[in-house]
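What follows is a set of notes on a single structure, which appears directly below.
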Amino acid sequence: MAVPSFLARERIVARPGFNRWLIPPAALAVHLCIGQAYATSVYKTALVADFDSSLTAIGIVFSIAIVMLGLSAALFGTWVDRNGPRAAMFVSACFWSVGFLVGAAGIATDQLWLLYLGYGVIGGIGLGIGYISPVSTLIKWFPDRPGLATGMAIMGFGGGALIATPLSRQLMGWYDPAYDGTAATVASGDAVAKLFVTLGLVYLVFMMFGAFIVRVPAEGWKPAGFDPSTVKAKSLVTTNSVSAANAIKTPQFWLLWIVLFCNVTAGIGILEQASPMIQDFFRENGTSTVAVTAAAGFVGLLSLFNMGGRFVWSSTSDFIGRKPIYMVYLGVGLVLYVLLATVGSTATWLFVILAALIISFYGGGFATAPAYLRDLFGTYQVGAIHGRLLTAWAAAGVAGPLIVNRVLDTQGTPGELVAGDYRPALFIMVGLLAVGFVANLLVRPVASRFHEPTADALFSDPTPEASTTR
Amino acid sequence: MSTAHGTSATPPQTTHTPVGLIAFAWTLVGLPLAYGLYQTISTASKLFTG
């Protein structure tokens, strides 16, 4: 599928002297917008009231969006790599914005299917393309610090929710004066529809700014003073190239898929239930000692650690290596989960610290994945490979809440649950993290038969197992 | 900051990225992020005060 010339990769090749520090804000401009996907809870109750529907029916909108994120990232990853970040950011901005506008039409006309189609399907495609759009570009601009570079962008996805949540409350308050932003009042459907239109237009402008300033490095470019041989010296890091088509034939890809799936499922288990969970953990004689406002504070704190973990842990991986940092995410995460299940209810401060660290590992797992892929498969089609890996996120987005909700349904009634009722779900997460830990341990360098042929190899070996999808 | 190592016979035109453009771009993404951080920290503080 060809793109108009103003979007083409050839048009955005940077000239010598271009400053690479213009690329992270371009990536952040996209990720800060699509990170709104994590802020859907802010208008969930308003939509339930407006459609006279259930939380499950409204929650499906978010589930569809995350599934579409995974599917579109997997399907369009190769297209993104071939056409470059400007085309990808442009297309993502259009889908994400149109998704909001169609969703707004659905809310305004009381047609839930239009909301599913708009925010869920159309917006979800924008999410997937937008999420992977700057990743391979950042890795190529920062070959010396790929973890830092992708951590900055993917931190933006976490930051997007931090912006969208209070902004949505303020906007809904302007559009519906009866709504004061507290749980005691609910915004009207009309206010949510206007919010969707506003967000759709603002995000369109913001994301187009990212598309406008983004550039790709020229072939063979490297930062001043950077010696690629110092990177190659680290274990698991390759200077060879593996195509996306070949990558999914390797055990390494599927081991990483399992690692990401387990890490995300375990994190979502806490994120989804954060507010009721802290209240249930400290319930005595039917009454929680944690107030609703304090529980909201806990959710905010988790958002901060989710965002901070993306940047801090991913940057740390540049120094200690990708495999060791995932051993921390999964191994230490496992211990923290056991502590949460066994002694987490003894003190609020202990519960908060344990949960916050677990969520920082959850964020770190997302942000470090592209750099891990770069190490194993090279930069050649890392965006497309990352896109395929994100199907693990889509699967975890379904599995995580399902596990927690199913377990809690068997334990009692919401509002009456106590810490012990969470233990079965938490120990399932411990098991998942153990599986992920073993999968990470099994990761070895990719076999040379999957490498794309180099000029030298073509002369020496005329029949390598090379991809046909260049 | 950055150098190019092209292989073509005629060296490509060089460019200079204005510092103002870099500052503007970082400000544009930094301001909303700072707003979000401030709001979230305000909310999170209720965990210890609320």
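Please read these numbers as outputs of a predicted model, since none were measured by experiment. Chain letters run A, B, ... following the sequence lines, proteins first and then strands; every chain starts at 1. Values reported hereafter were calculated over all heavy atoms of this structure, with side chains retained and with hydrogens, waters and symmetry mates removed.
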Give the intermediate values and the outcome of side-chain contact (heavy atoms from CB on, under 4.5 Å) for residues B/T14 and A/F18. CA-CA 8 Å; B/T14 58; A/F18 179 84; over 6 Å; no
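Only the side chain of A/L32 comes within less than 4.5 Å of a heavy atom in chain B; its backbone stays farther off. For chain B, the nearby part of A/V352 is the side chain; its heavy atoms alone come within less than 4.5 Å. Of the atoms belonging to A/I278, it is side-chain heavy atoms, and not backbone ones, that fall under 4.5 Å from chain B.
Going from atom CG of A/L304 over to atom OG1 of B/T43 covers 9.0 Å, rounded to the nearest 0.5 Å. Put simply, CD on B/Q39 and CD on A/Q170 are 5.5 Å apart, with the number rounded to the nearest 0.5 Å. The line from OG of A/S303 to CG of B/L37 is 10.5 Å long, rounded to the nearest 0.5 Å.
Put simply, of A/P166, A/A164, A/P217, the one with the most heavy-atom pairs under 4.5 Å next to chain B is A/P166.
Here A/R145 pairs with A/D318 under the side-chain hydrogen bond (donor to acceptor under 3.5 Å, both in side chains) rule; sequence neighbours left out.
Contacts between residues 155-163 of chain A and chain B, counted as heavy-atom pairs separated by less than 4.5 Å, involve A/M155, A/G159, A/L162, A/I163.
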Cut-off 3.5 Å, no hydrogens considered: what does the side-chain donor-acceptor table look like for residues 205-216 of chain A, sequence neighbours left out?
unit_1, atom_1, unit_2, atom_2, d
A/R215, NH1, A/F212, O, 3.1

Let me have the donor-acceptor pairs involving side chains of residues 17-27 of chain B, under 3.5 Å, with sequence neighbours excluded, atom names and distances please.
unit_1, atom_1, unit_2, atom_2, d
B/T17, OG1, A/N19, N, 2.8
B/W26, NE1, A/W21, O, 2.9
B/T27, OG1, B/A23, O, 2.6

